[in-house]
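One structure below.
Per chain, numbering begins at 1; letters A, B, ... match sequence-line order. Predicted model, so just to flag it, every value in this text is computed and none were measured.
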Number of protein chains: 2
Amino acid sequence: MTSIDDVARAAGVSIATVSRALRGLPNVSDATRSRVKTVADELGYVASAGASGLASGRTLTMGVVVPSVSRWFYQMALEGIDEELRRANYDMMLFNLAARKGDRERVFHRSILRKRTDALIALCLEFTPSEREQLLSLGHPTIVIGGPVKGIRHIGIDERATARAATQHLITLGHRRIAHVGGDDDEGLNRRVPLDRRRGFRDAMEAAGLAVRPEWLLSGRFSLAPSRAVVNEMLASAERPTAIVANSDEMAIGAIMAAHDSGLQVPGDLSVIGIDNHDLAESFGLTTMAQDPFEQGALGARILLDDLGGIVPPRRTSVTAPSHLIVRTSTAPPIH
Amino acid sequence: MTSIDDVARAAGVSIATVSRALRGLPNVSDATRSRVKTVADELGYVASAGASGLASGRTLTMGVVVPSVSRWFYQMALEGIDEELRRANYDMMLFNLAARKGDRERVFHRSILRKRTDALIALCLEFTPSEREQLLSLGHPTIVIGGPVKGIRHIGIDERATARAATQHLITLGHRRIAHVGGDDDEGLNRRVPLDRRRGFRDAMEAAGLAVRPEWLLSGRFSLAPSRAVVNEMLASAERPTAIVANSDEMAIGAIMAAHDSGLQVPGDLSVIGIDNHDLAESFGLTTMAQDPFEQGALGARILLDDLGGIVPPRRTSVTAPSHLIVRTSTAPPIH
DNA sequence: GTCATACCCGTAAGCGCTTACCGTGCACGT
DNA sequence: ACGTGCACGGTAAGCGCTTACGGGTATGAC
């Protein structure tokens with residue numbers, strides 16, 4: 001591999017000049033700079049990231065911690081983060097803190113804390129107190145997206161208000177018997193999100209003087225098939241709700257499919273509303289409370305990059321991302 | 001940040017001993033080793049990846065190049081890769097070589113070639129000759145998943161045979177008027193995959209003496225909504241096929257939805273078969289040619305890790321991943 | 001008692017960069 | 001003629017590790 005020495009030798013300058021020339025720093029004449037660039041190109045020289053990082057203390061790398069990569073929210077957030085990073089010439093290190101509890105500690109130590117990143121952005125994760133402390137003691141800019149973590153800046157929608165608005169939409173349409181498909185997600189994920197959404201559901205129901213029936217509080221494990229199963233079960237019993245609020249669009253789609261399974265019309269017999277505005281939502285005509293994880297991810301990355309840029313003092317405040325109602329064809333007034 | 005010196009001082013040994021002790025190398029007595037470990041823990045010491053990499057030449061990082069992160073195939077492959085990497089204590093650097101053509105060159109130079117990875121695994125990407133050359137001249141183990149690239153080892157299903165088998169399934173059921181939903185994917189993706197699948201479709205049709213009608217060769221851009229649209233259009237014309245082969249499950253689901261849009265029954269009026277065995281396939285009762293990108297990713301990672309381990313001489317051969325038919329409820333004999 | 005043999009562990013030379021600091025040479029003002 | 005300042009670019013000291021090598025001490029064989 002050709003190193004900076006080779007370039008310096010070939011260009012007849014010192015390695016310091018090569019370094020300056022190639023990175024666009026001042027104190028290099030145009031003539032020298034272009035000569036160095038030419039030589040570097042010819043030799044196919046590319047600076048070693050590790051060496052630069054060691055010498056400068058900046059790795060130009062952002063760590064992104066995700067609980068998985070196979071859910072819509074994370075994908076979108078990842079794409080958003082990536083968009084900002086490439087704009088700033090940063091690279092992305094992906095840490096998949098998957099379910100297995102045992103690995104987690106190892107990954108934490110071996111990878112995340114190994115100073116290979118300048119900043120860290122975590123998606124929808126829950127941290128143990130010890131993990132939180134380690135993260136903070138790392139001392140580099142950190143932000144959390146999708147589920148608040150005490151002591152760390154946060155970007156995300158107002159989960160409770162969003163679920164409340166979803167429920168309110170159904171109530172406004174005239175529904176009085178409304179079920180909720182919530183449910184915990186996998187281990188290690190941020191539990192507050194489903195909890196807050198359920199609280200929002202309760203808020204709206206209670207504010208409207210409607211009963212929250214325990215047998216209509218389902219758990220759909222945040223994905224289509226389980227949701228479809230539990231909703232099917234519920235629809236089989238004597239008394240049925242006229243509408244369903246689901247904590248996510250995937251679960252809402254599961255509910256729609258369950259309605260079809262049971263021979264019910266959507267929205268005629270059953271209205272369904274979700275949260276997310278998932279890729280598939282439009283195809284299913286799903287009414288939903290839209291959020292934009294791409295934008296949330298991009299914003300998170302931008303904030304961290306700003307911190308690293310050091311232009312402005314790091315903002316210490318969390319930001320609440322917007323969510324808004326999109327009415328499609330899965331909700332309508334109930335038929336009495 | 002505490003460095004190896006701090007630990008050495010605190011433990012009363014040299015930094016060399018700290019290094020050896022912490023990495024489990026021989027030539028350290030048990031007593032010393034455990035003392036060093038204790039001290040390191042107390043100080044919260046974690047070795048700097050950059051420095052280790054620089055000194056040892058191994059970064060313990062694998063680069064993964066993807067065209068996007070928001071498609072099922074890539075997600076699954078990523079998860080598979082991640083599984084193997086964490087087993088080997090490797091980290092993952094994710095390079096999202098998204099659409100924009102301009103960025104690509106930059107990303108290539110700035111990131112991929114910057115020696116921050118020990119090996120590289122690329123998903124479904126097409127490379128320009130110059131890119132290929134640069135990759136190879138990097139000299140580290142490389143493998144491609146999902147679409148063959150000349151001169152680089154490859155893991156993937158036999159695209160042509162798989163599409164042929166899908167088509168054959170319909171033919172065996174008695175279908176004679178069969179449409180194909182294929183279509184290019186985004187820029188920069190490997191074009192051979194859709195092409196080979198279409199060729200497989202043709203193979204089967206011709207072998208059975210069936211006509212391939214140009215107006216029944218659709219392009220669904222590898223996703224649900226576009227596929228739904230073009231299939232809807234086709235179903236509106238006077239003469240309809242009795243069955244559809246789609247190049248992916250997402251497009252197949254689009255076709256199913258289009259059938260419903262047009263008031264047709266699946267599989268009564270229209271049989272649909274896909275390729276992938278996507279997460280949603282089961283929910284839609286979709287018959288499909290299943291492949292396992294998780295396993296393909298895992299295998300790719302394993303091969304590279306083996307190469308790096310240097311135990312066995314690097315295998316130079318590509319491997320053909322299996323695919324197999326899963327019959328569900330979206331295919332049946334045609335009603336004449 | 002001597003010498004070879006292990007077994008530990010320290011010494012020091014890098015790995016390939018960045019950057020503070022200093023030394024030129026030249027243009028300019030006086 | 002001189003000093004002054006500026007624009008360039010070289011020198012060298014790290015950054016925090018890994019690892020070849022060598023030296024010291026205890027152990028065993030003879």
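For the OP1/OP2 pair of C:dT18 and a distance below 4.0 Å, the side-chain nitrogens and oxygens of A:S52 include at least one atom meeting the criterion. The side chain of B:T32 contributes an N or O atom lying less than 4.0 Å from OP1 or OP2 of C:dC9.
Looking at B:E295 and B:R302, a side-chain N of the basic residue comes within less than 4.0 Å of a carboxylate O on the acidic one, giving a salt bridge. Salt-bridge formation is detected for the pair A:R86/A:D82: a Lys NZ or Arg NE/NH1/NH2 atom is positioned less than 4.0 Å from an Asp or Glu carboxylate oxygen.
Residue B:I4 contributes atom CD1, which lies 14 Å from atom C1' of C:dC9 at whole-angstrom precision. Atom CG of B:N27 is separated from atom P of D:dT25 by 17 Å (rounded to the nearest Å). Remark: C1' of C:dC7 and CG of B:L25 are 15 Å apart, rounded to the nearest angstrom. B:R20 has its CZ atom 11 Å from the P atom of D:dT19, to the nearest Å.
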**Prompt:** Do A:R116 and B:S48 pass the side chain to side chain donor-acceptor pair (under 3.5 Å) test, and can you show the C-alpha distance, the side-chain angles, and the key distance before you say yes or no?
**Reply:** CA-CA 7 Å; A:R116 31 177 50 194; B:S48 146; over 6 Å; no
**Message:** Apply side chain to side chain contact (heavy atoms under 4.5 Å, CB included) to residues B:M1 and B:D6 and explain how you reach the verdict.
**Reply:** CA-CA 9 Å; B:M1 276 291 30; B:D6 303 322; over 6 Å; no
Strictly under 3.5 Å: I want the nitrogen or oxygen pairs between protein and nucleotides 26-28 of chain C, one per line.
none

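Taking the side chain of B:Y45 as heavy atoms from C-beta on, and the options C:dC17, D:dC17, D:dT19, the nearest nucleotide is D:dC17. Picking from D:dG9, C:dC15, C:dT19 the nucleotide with the shortest atom distance to the side chain of B:A55 gives C:dC15. Of the candidates C:dT18, D:dT19, D:dT18, the closest approach to any side-chain atom of B:A16 belongs to D:dT19. The side chain of A:R58 sits closest to C:dT19 out of C:dC9, D:dT18, C:dT19. Taking only side-chain atoms of A:T17, from C-beta outward, the nucleotide of C:dG10, C:dT19, D:dG9 with the closest atom is D:dG9.
Residues B:I143 and B:R153 meet the side-chain proximity criterion, which asks for heavy atoms closer than 4.5 Å. With contacts defined as side-chain heavy-atom distances shorter than 4.5 Å, the pair B:R114/A:S52 qualifies.
Across all strands shown, B:I15 has heavy atoms under 4.0 Å from base atoms, whether or not it also approaches the sugar-phosphate. Contacts of B:R114 with the nucleic acid, taken as non-hydrogen atoms under 4.0 Å apart, are absent.
Remark: the backbone N or O of A:T117 is not paired with any side-chain donor or acceptor of A:T61 at under 3.5 angstrom.
End-to-end axis angle of the helix from C:dG1-D:dC30 to C:dT30-D:dA1, from C1' rotation axes over five pairs per end: 50° (rounded to 10 degrees).
Pairing each heavy atom of A:E79 with each of B:V69, the nearest pair is OE2-N, 2.9 Å.
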